[in-house]
Amino acid sequence: IIEKTQAEMTIDSAAKAESLRLLRNQLLKDSDFSQLPDATVDKILWADYRQTLRDLTDQPGFPWTVIWPNSP
C-alpha cells in the first residue's frame, strides 16, 4: 500500500469539492422557482434551504464530510 502524497490529497480534495459544488448549484437551480413572486410555496422555508445549500462549503470537514439539507 502506497500512501498518497500531500499533492495528491490536495488534488483529490479539490476534485471532490468541485463535484459537490456542481451538485449544490444544480439543487439551487432546481429550487429557483420557490423564490418567484407567484410561487405558492413557503418562501421562508425554501429560502432557508437555499441558504443552507450556499453555506455547504463552510461546514467543518468539507468536502469529505457534508450534511445535506432536506428540501421542504
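When reading the values below, keep in mind they use all heavy atoms of this one structure, side chains included, and skip hydrogens, waters and symmetry mates.
The shortest heavy-atom contact between Trp64 and Ser13 is NE1-OG, 2.9 Å. Across every non-hydrogen atom of Thr57 and Arg24, the tightest pair is CG2-NH1, 4.1 Å. Across every non-hydrogen atom of Leu20 and Pro63, the tightest pair is CD1-O, 3.2 Å.
For Ser34 (side chain) and Ser31 (main-chain N/O), a donor-acceptor pair under 3.5 Å exists by modelled atom type. The main-chain N or O of Ala15 is never found under 3.5 Å from a side-chain atom of Ser19 such that the two would form a donor-acceptor pair. Within the 3.5 Å criterion, the main-chain N or O of Asp12 finds no donor-acceptor partner in the side chain of Lys4. Side-chain atoms of Glu8 come within 3.5 Å of backbone atoms of Thr5 as a donor-acceptor pair (strictly under, hydrogens ignored). Between the side chain of Thr65 and the backbone N or O of Phe62 there is no donor-acceptor pair closer than 3.5 Å. Here the side chain of Arg50 pairs a donor or acceptor atom with the backbone of Leu28 at under 3.5 angstrom.
Side-chain contact between Leu56 and Trp68 is present, with at least one heavy-atom pair separated by less than 4.5 Å.
No more than 12 heavy atoms of other residues, nucleotides or ligands shown are found within 6.0 angstrom of CD1 on Ile67. In this structure, Ile44 places its CD1 atom where only 12 or fewer heavy-atom neighbours from other residues, nucleotides or ligands lie under 6.0 Å away.
Interatomic distance, Leu27 CG to Asp32 CG, rounded to the nearest 0.5 Å: 11.0 Å. Note that CG of Asp42 and CG of Asp48 are 8.5 Å apart. Values are rounded to the nearest 0.5 Å.
Residues passing the side chain to side chain donor-acceptor pair (under 3.5 Å) test with Asp55, sequence neighbours excluded: Gln51.
Note on Phe33 and Leu45: separate hydrophobic clusters, where clusters join Ile, Leu, Val, Met, Phe, Trp and Tyr whose side-chain heavy atoms are under 4.5 Å apart, directly or indirectly. Under the 4.5 Å side-chain heavy-atom criterion for Ile, Leu, Val, Met, Phe, Trp and Tyr, Val41 and Leu53 are members of the same hydrophobic cluster.
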